[in-house]
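Everything numeric here is computed off the predicted structure, so don't read it as measured data.
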Amino acid sequence: MPRKTKHNTITSPELLAKVNPENTALLNDFLDYLRSTDKSAGTIAAYESDIEIAFVWCLQHNENRFFVDWTKRQIVQYQNWLINENGNSPARVRRLKASLSSMANFTESILDDEFPNFRNIINKVESPINQPVREKTIFTSSQIVGLLEYLTERGAYEKACAVALALYSGRRKAELLRFRVSDFTDDRLVCGGSLYKTGKIKTKGRGAQGKMLECFCLAKQFKPYLDRWLEYRERNGIESEWLFPSKEDPSVPLGIATLNSWAMSFSRYLDMDFYWHSLRHLCVSDFKRAGIPDTVIQQYIGWEDISMVPVYSDLQADEQLSMYFNEDGIVKPEQKDLSEI
């Protein structure tokens with residue numbers, strides 16, 4: 001079944017309306033500061049959500065005290081509540097504290113004329129040891145190909161197209177919804193027709209627009225699923241520039257909630273936790289198995305730092321070493337063509 005995540009069910013408009021007005025004003029000032037430093041809308045929303053949790057806790061358990069007046073004892077109490085009453089993982093606690101600490105740094109550095117004696121004390125309180133609470137899902141190519149065959153046999157062409165795009169492009173879940181039909185036409189083929197090179201789409205990054213990136217996708221592997229989905233669209237009169245349009249309003253792309261729902265159904269079929277990011281890992285791992293150099297994988301995915309390649313490769317040490325060593329000693333790794341991946 002899908003990996004369990006502790007969602008925020010603490011805040012509500014009614015509770016936030018009761019939060020100390022000084023805390024609300026401080027949060028708004030901090031959010032304005034983040035906007036002025038060109039943080040992305042997603043990053044700002046995450047800070048806002050994290051800090052609102054702390055302020056609702058303060059409302060209910062800390063006498064609605066102004067943040068500037070919190071003590072280390074109250075930070076300990078908040079951390080204890082997150083772990084032992086709200087059931088947050090160590091990683092989530094560290095994230096929530098980091099958001100508070102960022103706002104504290106802003107208060108200390110930027111609002112020092114208003115609060116000259118304020119110091120950031122958040123990190124004076126030791127955080128819980130960051131231990132993973134989720135078991136990482138590692139799929140094989142045959143498992144995902146089996147899922148693609150299952151979806152195709154049942155006429156779920158849109159789902160199959162989305163899974164294939166994630167597997168053969170290595171794009172993130174949100175990015176899958178930003179592609180247009182025009183990104184996968186014949187004039188988009190490069191490298192002898194082996195790859196689609198799309199127009200620029202918004203990817204994860206700084207700024208309101210994020211990082212705009214041209215993306216690549218293995219054409220031979222993706223095209224059968226693309227063609228079936230486009231044929232289905234034509235038969236059913238689905239007209240939209242978006243590859244995956246909203247059912248309610250085809251002028252806008254499908255929503256993330258739909259992909260999350262699909263992931264739950266894929267988990268049931270595979271009898272393993274399916275999440276879209278696992279296909280990004282599988283894409284990189286398959287490239288590694290094919291002997292493609294890390295520098296090429298970096299360019300394909302669009303990473304600025306080559307150190308991201310081993311982070312996403314799920315190859316175990318013995319599997320990777322076996323590509324270079326056998327009973328004869330050192331061997332030259334087998335190089336596969338992209339069509340074999």
Side-chain angles (χ1 to χ4, degrees), residues 136-145 147-148 161-180 182-206 210-226 243 275-326 329-341:
K136 181 179 179 180
T137 300
I138 299 178
F139 289 113
T140 64
S141 296
S142 61
Q143 285 176 303
I144 301 304
V145 169
L147 172 62
L148 288 168
C161 186
V163 171
L165 180 57
L167 175 61
Y168 297 127
S169 71
R171 302 322 308 173
R172 297 181 180 88
K173 175 172 62 176
E175 295 163 2
L176 299 176
L177 303 177
R178 297 172 186 153
F179 288 108
R180 293 171 166 82
S182 59
D183 286 318
F184 301 101
T185 52
D186 288 347
D187 62 329
R188 289 289 185 179
L189 291 169
V190 297
C191 300
S194 63
L195 301 177
Y196 285 112
K197 181 180 179 181
T198 75
K200 290 183 178 181
I201 68 164
K202 177 184 174 184
T203 63
K204 188 176 181 181
R206 292 177 63 88
K211 179 181 178 182
M212 302 301 293
L213 189 70
E214 293 174 324
C215 300
F216 297 94
C217 181
L218 292 171
K220 179 180 177 180
Q221 292 81 348
F222 176 56
K223 195 173 187 302
Y225 305 100
L226 171 68
L243 184 58
Y275 47 99
W276 291 94
H277 216 64
S278 64
L279 300 185
R280 188 170 170 90
H281 281 261
L282 181 55
C283 177
V284 172
S285 299
D286 281 346
F287 281 1
K288 290 286 290 184
R289 291 187 180 98
I292 295 178
D294 286 5
T295 52
V296 177
I297 299 174
Q298 176 193 2
Q299 291 173 330
Y300 187 93
I301 300 295
W303 285 316
E304 295 179 356
D305 190 341
I306 198 172
S307 67
M308 293 300 296
V309 176
V311 171
Y312 275 84
S313 172
D314 290 330
L315 271 65
Q316 299 297 313
D318 55 349
E319 181 182 0
Q320 187 154 337
L321 289 171
S322 68
M323 296 168 60
Y324 300 89
F325 302 93
N326 62 16
I330 301 174
V331 296
K332 182 179 180 180
E334 178 186 2
Q335 297 287 328
K336 294 184 181 178
D337 186 83
L338 283 175
S339 63
E340 300 179 75
I341 295 175

Does atom NZ of K223 have more than 12 heavy-atom neighbours from other groups under 6.0 Å away?
no

More than 12 foreign heavy atoms under 6.0 Å from CG of D186: is that the case here?
no

Which atom names give the shortest non-hydrogen contact between [X] and [Y], and what distance separates them?
X    : Y    : answer
S182 : T185 : O-OG1, 3.3 Å
S169 : C283 : C-SG, 4.2 Å
C217 : F184 : CB-CE2, 4.3 Å
L148 : A164 : CD2-N, 3.7 Å
C191 : L195 : SG-CD1, 3.9 Å
T203 : E175 : CB-OE2, 3.3 Å

Find out whether [X] and [Y] are in side-chain contact, i.e. whether some heavy atom of one side chain is under 4.5 Å from a heavy atom of the other.
X    : Y    : value
Q221 : V145 : no
R171 : L165 : no
F179 : C215 : yes
L147 : F139 : no

Kindly compute the distance separating [atom1] ([X]) from [atom2] ([Y]), expressed to the nearest 0.5 Å.
X    : Y    : atom1 : atom2 : answer
H277 : T137 : NE2   : OG1   : 12.5 Å
L176 : I201 : CG    : CD1   : 8.0 Å
L282 : I138 : CG    : CD1   : 10.0 Å
R280 : M308 : CZ    : CE    : 7.0 Å
I144 : L167 : CD1   : CG    : 7.0 Å

I'd like to know if the side chain of S285 and the backbone of H281 have a donor-acceptor N/O pair within less than 3.5 Å.
yes

For residues 291-302, dump all side-chain donor-acceptor pairs below 3.5 Å to protein atoms at least two apart in sequence or in another chain.
| unit_1 | atom_1 | unit_2 | atom_2 | d |
| --- | --- | --- | --- | --- |
| D294 | OD1 | K288 | NZ | 2.8 |
| Q298 | NE2 | W303 | O | 3.2 |
| Q298 | NE2 | E304 | O | 3.2 |
| Y300 | OH | Y168 | O | 2.5 |
| Y300 | OH | L218 | N | 3.1 |

Checking R188 against K197 for the side-chain contact (heavy atoms from CB on, under 4.5 Å) test, could you report, in this order, the C-alpha distance in whole Å, the side-chain angles of both residues, the deciding distance, and whether it holds?
CA-CA 5 Å; R188 289 289 185 179; K197 181 180 179 181; 5.7 Å; no

Run the salt-bridge test on R180 and D183 with the 4.0 Å N-O cut-off and return the result as yes or no.
no

